[in-house]
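When a ligand or atom number is given, it counts from 1 through the structure's own listing order.
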Amino acid sequence: MDLKRTHYIGSINQSLKGQKVVVGGWVEDLRELGKLTFLTLRDVTGVAQVVVVGEAGIKQVKDLNRQSVVRITGAIQDTKSRDFPFEIKSEKIEILSRAVHPLPIDPIGRLESNIDNRLNARALDLRNQKTAAIFKMRHHVLQSMRKTLVDLGFIEVNTPKIIGSASEGGANLFSLKYFDKQAYLAQSPQLYKEQLTIGLERVFEIASFYRAEKSHTVRHLTEFTSVDIEADFMDYLDVAEILEKLVTNVFEYVEKNCIDEQKILGIDIKKPKTPFEKITYKQAIEELGKEGISLANGDDLLDSHLRKLGELHSGFYFLIDWPMKLKPFYIHEKEDDQSLSKSFDLQYGYLELSSGGRRLHDPNKLRERLTEQGLNPSQFEDHLKAFDWGMPPHSGWGLGLDRLMSVLTKIDNVREVVLYPRDPERLFP
Ligand code: ATP
Ligand code: MN
């Protein structure tokens, strides 16, 4: 059976008038107008009007449910319709797959369904052009990120997601049985990407990571996509600059390459102003103090504090130089103040998008810090031994792709921008 199509709908225009085409896709709508039957056909590139002519054809589609799959052979002709620039006059209709009626959600989105019902029927939800636009945009974001990083000499890598020891201390790890051993799902590629700087110097990874946190917020998932880099011969502000470049390139790329998607989503993407503001942790504490929120030096910034900071600083900004005690064991201290770290978070208003910093590369200092944080250096020997093989000074960051997508699309809930989100409640489909 021949399944080939000659054209995607998006590649057809009036210049093809009179030409025969074979198109295929989903029946979005079906209307009888007097003696004529109009069928609206959608493929991933767009939508076209088909006039069904001939008794046999009309009979074929008469009881056809919407979202059924058809392949149509016909000729391009002018149309009287105001919604379409041309129409296809059917010569042959093949019904390839029938959809049930009613469907669990209105796939066109005329009837709004709540997010839970949509996620339960996610594949069908992609027939909603708003949903499709989000994931087409996500594809472009990934293209742009890869381009930026490859152009800067980064090598894309894949590190294991099944790991044998609790790499960053053990909190929030999913554990699983690995034959007769205990294993975990990786929370981040942190230790691997650091080790890889020995051989590849600049690496990046785009992958899913796992956190067993019972967070019920619009920004936390138990499985999320992280964009991670690690680079040798760079200090923390050098990699912060790369992050700024990567993010602004994404905005520029999407502004140019996702014109239809922006229209469908009702957004107007513009490259953010650079350089992003840099606010030290100390300044943040002072600013919050002026707003009546008194925090001691060394206190963590909680959600409510970040909300206030987000009101004071809309858009992108870096929060830099966090106290050492708030940072993981691998973070490097500042040379001029050992209580502070060479670290940063990239914020968008209240929302944390990324954390990064300079890493310790001296194995003795690392052992000391592990002990200070109540971790056992002997459990990190596989990692620490690489630090005796000529470990270069290095820095890096991890950026939450799902959170960046929610900023780009101006959709608060990360579940909307992830195909099959996983949260403490949701494990299916
Ligand atoms: P938060 O404080 O918001 O829970 P975090 O500081 O624990 O985040 P990091 O370990 O710094 O997160 O991870 C780097 C980035 O990965 C975060 O800035 C965020 O964008 C993303 N990220 C981390 N955890 C999650 C999650 N559970 N769901 C979605 N994205 C996440
Ligand atoms: Mn963080």
J.: Give the residue, atom name and distance (to 0.1 Å) of the protein heavy atom nearest atom 17 (C) of ligand 1.
T.: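 For atom 17 (C) of ligand 1, the nearest protein heavy atom comes out as E352 OE2, 3.4 Å.
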J.: Is the closest side-chain donor-acceptor distance between R422 and S208 under 3.5 Å?
T.: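 No - no donor-acceptor pair under 3.5 Å links their side chains.
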J.: With a 4.0 Å cut-off on heavy atoms, is S226 in contact with ligand 1?
T.: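 No.
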J.: Quick one: do the Q190 and E194 side chains pair a donor with an acceptor below 3.5 Å?
T.: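 Judged by distance alone, the side chains do pair up.
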J.: Under 6.0 Å between ring centres, would you say that holds for Y317 and F276?
T.: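 No, the ring of Y317 stays outside the 6.0 Å limit from the ring of F276, centre to centre.
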J.: Within a distance under 4.0 Å of any heavy atom of S354, pick out the atoms of ligand 1 and give their elements.
T.: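 Near S354, the atoms of ligand 1 are 18 (O).
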J.: Polar contacts were defined as any N/O atom of the residue lying under 3.5 Å from an N/O atom of the ligand; does this apply to L221 and ligand 1?
T.: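 Yes; at least one N/O pair falls below 3.5 Å.
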J.: Would F224 count as a polar contact of ligand 1, with the cut-off being nitrogen or oxygen pairs under 3.5 Å?
T.: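 No, since none of the N or O atoms of F224 sits under 3.5 Å from an N or O of ligand 1.
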J.: To check your reading of the model: name the closest protein heavy atom to atom 20 (O) of ligand 1, its residue, and the distance in Å.
T.: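 It is L353 O, 2.8 Å.
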J.: Closer than 4.0 Å to some heavy atom of E213 - which atoms of ligand 1 meet that?
T.: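 Ligand 1 atoms under the 4.0 Å threshold to E213: 27 (N).
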J.: I need the atoms of ligand 1 closer than 4.0 Å to a non-hydrogen atom of H220, numbered in the order shown.
T.: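 Every atom of ligand 1 under 4.0 Å from some heavy atom of H220: 1 (P), 3 (O), 4 (O), 26 (C), 27 (N), 28 (N).
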J.: For atom 21 (C) of ligand 1, which of S215, P328, P421, G400 has the closest heavy atom?
T.: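 Residue with the shortest heavy-atom distance to the ligand atom: G400.
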J.: Is it true that, when you exclude K161 itself, more than 12 heavy atoms of the residues, nucleotides or ligands shown sit nearer than 6.0 Å to its NZ?
T.: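 Yes, the 6.0 Å shell around NZ holds more than 12 heavy atoms from other groups.
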J.: Give the residue, atom name and distance (to 0.1 Å) of the protein heavy atom nearest atom 19 (C) of ligand 1.
T.: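 Scanning the protein heavy atoms, the shortest distance from atom 19 (C) of ligand 1 goes to R403 NH1, 3.5 Å.
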J.: With a 4.5 Å cut-off on side-chain heavy atoms, are I198 and M391 touching?
T.: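 Side chain of M391 against side chain of I198, heavy atoms only: contact under 4.5 Å found.
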J.: Just checking F174 against Y210, ring centres under 6.0 Å apart?
T.: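 No - the distance between ring centres of F174 and Y210 does not fall below the 6.0 Å cut-off.
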J.: Name whichever N, O or S atom of E352 ends up nearest to the Mn ion (ligand 2).
T.: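 Answer by atom name: OE2.
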J.: Looking just at side-chain N and O atoms, do T40 and E28 make a donor-acceptor pair shorter than 3.5 Å?
T.: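 No, no side-chain donor-acceptor pair sits under 3.5 Å.
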J.: Please find out if the Mn ion (ligand 2) and some N, O or S atom of S355 are separated by less than 2.8 Å.
T.: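 So S355 counts as coordinating the Mn ion (ligand 2), yes.
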J.: Starting from atom 11 (O) of ligand 1, find the nearest protein heavy-atom neighbour and note its residue, name and distance.
T.: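 Looking at atom 11 (O) of ligand 1, the protein heavy atom closest to it is S355 OG, 3.0 Å.
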J.: Identify, for atom 9 (P) of ligand 1, the protein heavy atom at the shortest distance, and state residue, atom and that distance.
T.: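 Going atom by atom, the protein heavy atom closest to atom 9 (P) of ligand 1 ends up being R211 NH1, 3.5 Å.
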J.: Heavy-atom contact under 4.0 Å between R219 and ligand 1?
T.: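 It does, in that a heavy atom of R219 comes within the 4.0 Å cut-off of ligand 1.
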J.: Is D402 in contact with ligand 1, taking contact as a heavy-atom separation below 4.0 Å?
T.: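 The answer is no: ligand 1 sits nowhere under 4.0 Å from a heavy atom of D402.
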J.: I want to check something: taking the side chain as every heavy atom from C-beta on, are D232 and H361 in contact at a cut-off of under 4.5 Å?
T.: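 Answer no - side chains too far apart.
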J.: Distance check, rounded to the nearest 0.5 Å: I134 atom CD1 versus N128 atom CG?
T.: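 One finds 8.5 Å between CD1 of I134 and CG of N128.
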J.: For atom 15 (C) of ligand 1, what is the nearest protein heavy atom, given as residue, atom name and distance?
T.: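 The protein heavy atom lying closest is G398 O, 3.8 Å.
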J.: Quick one: does NZ or CZ of R359 land under 6.0 Å from the six-membered ring centre of Y330, within 45 degrees of the ring axis?
T.: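 No, R359 does not sit over the ring of Y330.
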J.: Would you say the side chains of Q347 and H313 form a donor-acceptor pair under 3.5 Å?
T.: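 There is no such pair (donor and acceptor under 3.5 Å, judged by atom type) between the side chains of Q347 and H313.
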